[in-house]
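Some notes on the structure that comes next.
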Amino acid sequence: MSENALPKGYDPKAVEPHWRDHWETTRAFTPDPTEALENPKGTFSIVIPPPNVTGNLHIGHAFNLTLQDILCRHARQLGKTVLWIPGEDHAGIATQNVVERRLGTEGKTRHDLGREAFIERVWEWKEEYGENIRRQIKAMGSSVDWTRERFTMDEGLSRAVRKVFVTLFNEGLIYKGDYIINWCNRCHTALADDEVEHHPQAGHLWKIRYPLADGSGHLTIATTRPETMLGDTAVAVNPDDERYTHLIGKTVILPLVGKEIPVIADKYVDREFGTGALKVTPSHDHNDWELGRKHKLEFIQVIDAEGRMNAKAGKYQGLTKEEAREKIVEDLRAAGALESVEEYGHNVGHCYRCQSVIEPHVSTQWFVKVAPLAARAKEAMRGETQIFPTSWLKTYDHWMDTIRDWCISRQLWWGHRIPAWTCDACGKLFASEETPSCCPQCGKTSLTQDPDVLDTWFSAALWPFSTMGWPEKTKELEAFYPTSVLVTAFDILFFWVARMMMMGLHFMDRVPFRHVYIHALVRDGEGKKMSKSTGNVIDPLEMIEKYGTDSLRFTMTAFAAMGRDIRLSEERIEGYRHFVNKIWNAARFALLNLPNEEAHNLYLRLAAAPETLEGVQYRWILHRLEETKSALKTAIADYRFNDAALTLYTFIWNEICDWYLELIKPALQAGGEEQAKARAVLWLVLREAMLLLHPIMPFVTAEIWKALPQAPIREGGIPDIAREPFPAERPACLNPQAVADMEMLQAAITAIRTMRAELNIAPSLRLKAVIRPQDDAARELLTANSSLIVFLARLGECVIDPEAHAPKASASSVAAGNEIILPLEGAVNFQDELTRLDKELAKMAKEHAMLAGKLANENYVQRAPAEIVERDKARVAELEDARVKLLALQQRFREAL
RNA sequence: GGGCAGUUAGCUCAGUUGGUAGAGCACCGCCUUCACACGGCGGGGGUCACAGGUUCAAGUCCUGUACUGCCCACCA
């Protein structure tokens, strides 16, 4: 029997690497698209949300990967051809920043290297750290197809990017122009609106007097950014504001500058805020920009791209904007133009990558005209694509409704260079997929390529089809597009999901995914979002090292209720490591009892027709196995991952381990037919439990499976659970009567255990128990299984006797209608037993009173569904019966005292 | 300013169509029972934030309040 033996303790560190290598070398997760097209069960595909190539896997990635892996492994079990494409994102700003920082430690800037050398440096970095992220994805057990790994800047994807850019440009959906954009002085690039994070910041509200040009007094404005006043070209008031109506059309003198600027009227101005008069700086504020265009004001830029005051700032030229602010306030005060200063907290935009304050800045940028794309993308989310949980639909709609044109140019070096050229001769601006040799308009060969690169999300938006070989017409696209589901956290719903939707529809004419599953965001201990830039990441590798991958995965699956955020606690991972250990030990015990020799294969023959096996314990566990199977299937289909985990946890621990294994121990020792039956069901339940658990815990189940008798040899010469189908359903094994019978046995056993524990009877004391059954059916059941009761309640003897009377000195209870009597003969303090009985009666009386109250209510009896009422009535009868029996027993006991 | 979540056992969180509550950890008692002390058996602990409403019946549906958090937003 030793050939099946598992080692005494489960050691994830020894087991996991083996399986990772095995699955990769045997190409267990590499599908054949031709076969996929012929598979009657269909295909299932996911593209990984590509982690940043520079990054470290944080716990959010681990969570995200776990859920995707469960879906993929489960889909494989269901017979589908599964493709899960892995890959990494080049992460323009983030990666460039990291490499620049590293250069900084050498005392260099990227300009010292020059564009080409710098990009080379980034590629080196990418090669070094891309391997890191790849190792981490593997560590999680992710069943991705490494032969199809992609990178957003690899040759194929770059071609897709150029094709998309040129197409959109020629369709007029990409344009170039001077606009006010969000400018990061530190990263030295434009940012899209949604790359700006607003954080509250303490500041001041300065009130400044602008004297009227006609000398008739002054107008006081309020501002949080006095340094921008040098670029003011108007003061705006609300046309309905009586305080100022007489000033509209007049001019005021801009202090310190001495320039005359008009007072204009616009409903945009809030009368309640500040003084009700707004200084307008079209070049340095988004709203003022709009006002400036509307009222055709002059645009004067006074702050440059470095965040310093420029020549237009006169004497303040060369100061940083912070220094300028201080100096200007000082000068205003000296000039008597400063009316007041108050403390003022307000929201300030910060760069989502480096957290520097964002400066609104006018510059030439590239934009995608999103309105035509967004309309279709919005509709699709309530049609061809479904989002889970549906509550996100509203948020998605709102975003699609308010979306503005997308600024896609970045003044970086790391990224997809914009494939647009200007002819030095005739000035023609054109886009081209390949580097052009001459101007398409004038034919001259002196061309200049746009220096900017594309927003990282531009290439990410193409991910679902670019990874499958687009623009070639590949079999992958045919078989696996649209993908089945996109699994992601809500924080990139807009950055990424919406844009994939727009691009997928525009270029493939089909949605990129059928489902979008938005999972919770994993937060740190304080409930803050974990992110690389904040530095509050938890390293999943550390958890894997300490507790094993399966523990981590199971914990996160159990956490995965559809909510908004979860906080991961290490204690809980440790708790579920106990579960892994429990499974291991249960399997170890089972395998010690499941010989593989032909001579012992009677149990395998019995297992082929389990529905024919007699015995309440077998029928019960087989019934529960079927229920667990279907519950699990439904839970995963509905993305109720936590339900899936909990279902398995309860079934394996509380039913297989706590009851089934204990129930069959005597039979396993017995030999003969009984032993064969116990083994047959044990084998069946164990193997199917492993299959059910495998998508959540791939490693421990693979290792156990390998040792299981009759496990088929697969690619690589060993059994491989990852290639096995979902266990077949066995409706003939559904047996509600077995559940009822089992409950009666459990009730009897638990009642005896409770009495023993509460009366402090030594466990070593082999008591005799007498059971007086409530009816013939109970008598038969209990008699047939009395040896089980003896074993599990640690008795010496168990007598089933319909005529039994409690001896004078005894403890007693009523369980499922059967009277249970433990003759004690001085083994216990009688007073203890009386107290215990009183407690039991009180508990029953409480429940009885509650139910009786309900049943006394005529409305309830009439209106509630009959089965509910019947159930309550039955319970009341049961309680009354038990009470009578207990009182009689108690009375007898009193007499004995 | 708008929108969306959450408020359930000491802590962290589950609870699918309404039928008076569960898990992990922690806690108490007993147990070295031949898979497992990362264990077994037994036990204690919750007026499900608050106030109304619908209903025979509400943690579960509706309204409002309070607190916490998140997202969006141009109040300088």
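Reminder, nothing fancy here: chain letters follow the sequence lines and each chain counts from 1. Excluded from the calculations below are hydrogen atoms, water molecules and symmetry mates; all remaining heavy atoms, backbone and side chain alike, are included.
- The separation between A:R588 atom CZ and B:rC34 atom P is 13 Å, rounded to whole Å.
- Here the shortest heavy-atom pairing between A:P226 and A:I208 reads CB-CD1, 4.3 Å.
- For A:D405 and A:Y179, the side-chain atoms include no donor-acceptor pair closer than 3.5 Å.
- Taking atom C1' in both B:rC67 and B:rA51, one finds a spacing of 15 Å when rounded to whole Å.
- B:rU63 and B:rG6 have their P atoms separated by 14 Å, with the value rounded to a whole Å.
- Here A:V280 lies out of heavy-atom contact (under 4.0 Å) with every strand.
- Nucleotides B:rC50 and B:rU68, compared at atom C1', are 15 Å apart to the nearest Å.
- To the nearest angstrom, P of B:rA76 lies 17 Å from CG of A:D266.
- Interatomic distance, A:D285 CG to A:L291 CG, rounded to the nearest 0.5 Å: 8.5 Å.
- Contact check for A:T281 versus A:M229: no side-chain heavy atoms found under the 4.5 Å cut-off.
- Here the nucleotide nearest the side chain of A:V269, chosen from B:rA76, B:rC41, B:rC72, is B:rA76.
- A:W289 comes within 4.0 angstrom of no nucleic acid atom, judged by non-hydrogen atoms across all strands.
- Checking B:rA35, B:rA76, B:rG42 against the side-chain heavy atoms of A:A586 singles out B:rA35 as nearest.
- Put simply, CD on A:E359 is 15 Å from C1' on B:rC74, counting in whole angstrom units.
- Taking atom CD on A:E758 and atom P on B:rC30, their separation rounds to 14 Å, with Å as the unit.
- Among the nucleotides B:rC30, B:rA14, B:rC38, the one closest to the side chain of A:N642 is B:rA14.
- Taking atom C1' on both nucleotides, B:rA26 is separated from B:rG64 by 37 Å, rounded to a whole Å.
- A salt bridge links A:K267 with A:D240: the closest approach of a Lys/Arg side-chain nitrogen to an acidic carboxylate oxygen falls below 4.0 angstrom.
- With a cut-off of 3.5 Å on both pairing distances, the Watson-Crick and G-U wobble pairs of RNA chain B assemble into stems of 3 or more at B:1-7 with B:66-72, B:10-13 with B:22-25, B:27-31 with B:39-43, B:49-53 with B:61-65.
- If you measure from atom CH2 of A:W392 to atom C1' of B:rC71, you get 7 Å, rounded to the nearest angstrom.
- Going from the P atom of B:rG39 to that of B:rG24 covers 10 Å, rounded to whole Å.
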Legend entry - side-chain contact (heavy atoms from CB on, under 4.5 Å) evaluation trace for A:T488 with A:I518: CA-CA 5 Å; A:T488 187; A:I518 303 288; 4.1 Å; yes
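- Side-chain atoms of A:K582 and base atoms of B:rC38 include no donor and acceptor less than 3.5 Å apart.
- Taking only side-chain atoms of A:W653, from C-beta outward, the nucleotide of B:rG40, B:rG42, B:rC74 with the closest atom is B:rG40.
- Among the heavy atoms of the strands lying under 4.0 Å from A:T750 are primed sugar atoms or P, OP1, OP2 only; no base atom is included.
- For A:Y649, the ring pair (Phe, Tyr, Trp, His ring centres under 6.0 Å) criterion is met by A:Y576, A:F579, A:W653, not counting sequence neighbours.
- In the interface, the side chain of A:Y268 is not paired with the base of B:rC75 through any donor and acceptor atom under 3.5 Å apart.
- Of the possible donor and acceptor atoms, one in the side chain of A:R756 sits under 3.5 Å from a partner among the backbone N and O of A:A793.
- Taking the C1' atoms as reference points, B:rA14 lies 15 Å from B:rG46, given to the whole Å.
- The gap from the P atom of B:rU20 to that of B:rU12 amounts to 28 Å, rounded to the nearest Å.
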Pairs: protein N or O with nucleotides 7-10 of chain B N or O, under 3.5 Å:
none

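- When the shell of 6.0 Å around CZ of A:R766 is examined, it contains more than 12 heavy atoms from other residues, nucleotides or ligands.
- Looking at residues 659-666 of chain A, you'll see A:L661, A:E662, A:K665 sit with a heavy atom under 4.0 Å from some atom of RNA chain B.
- Distance check on atom C1': B:rG44 versus B:rG53 gives 36 Å, rounded to whole Å.
- The two residues A:I696 and A:L648 make their nearest non-hydrogen contact at CD1-CD1, 3.9 Å.
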Name the pairs: protein N/O against N/O of nucleotides 17-28 of chain B, kept only if under 3.5 Å.
from   : atom 1 : to     : atom 2 : distance (Å)
B:rG19 : O2'    : A:R871 : NH2    : 3.1

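- A:K279 and A:D288 make their closest contact through O-OD2, 3.4 Å (heavy atoms, listed as atom of the first residue, atom of the second, distance).
- Salt bridge present: A:E342 and A:K207 bring a charged side-chain N and a carboxylate O closer than 4.0 Å.
- Distance CZ (A:F559) to P (B:rC11): 15 Å, rounded to an integer number of Å.
- What you find for A:A769 and A:L822 is that their closest heavy atoms are CB-CD2, 3.6 Å.
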Side-chain donor-acceptor pairs of residues 657-668 of chain A under 3.5 Å, sequence neighbours excluded:
from   : atom 1 : to     : atom 2 : distance (Å)
A:D658 : OD2    : A:N654 : ND2    : 3.4
A:Y660 : OH     : A:A678 : O      : 3.2
A:E662 : OE1    : A:K665 : NZ     : 3.4
A:E662 : OE2    : A:K665 : NZ     : 3.0

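- With 3.5 Å as the limit, one finds no donor-acceptor pair spanning the side chains of A:K546 and A:S551.
- Heavy-atom distances to RNA chain B give each of A:C657 and A:G276 a nearest nucleotide, and the one nearer the 5′ end belongs to A:C657.
- Across all strands, A:D643 comes closer than 4.0 Å to no nucleic acid atom at all (heavy-atom distances).
- Atom pair A:R404:CZ and B:rC74:C1' shows a separation of 8 Å (rounding to whole Å applied).
- Counting only heavy atoms from C-beta on, A:T224 has its side chain closest to B:rA76 among B:rG44, B:rA76, B:rC31.
- Residues A:H284 and A:T228 come closest through the heavy atom pair CB-CG2, 4.1 Å.
- Note: A:H361 and A:W183 have tilted aromatic rings, judged against thresholds of 30 and 60 degrees for the angle between ring planes.
- Residue A:R794 has its side chain nearest to B:rU33 when only B:rC4, B:rU33, B:rG15 are considered.
- Each of B:rA35, B:rC74, B:rG40 was ranked by its minimum atom distance to the side chain of A:N287; first place goes to B:rC74.
- The separation between A:M755 atom CE and B:rG43 atom P is 12 Å, rounded to whole Å.
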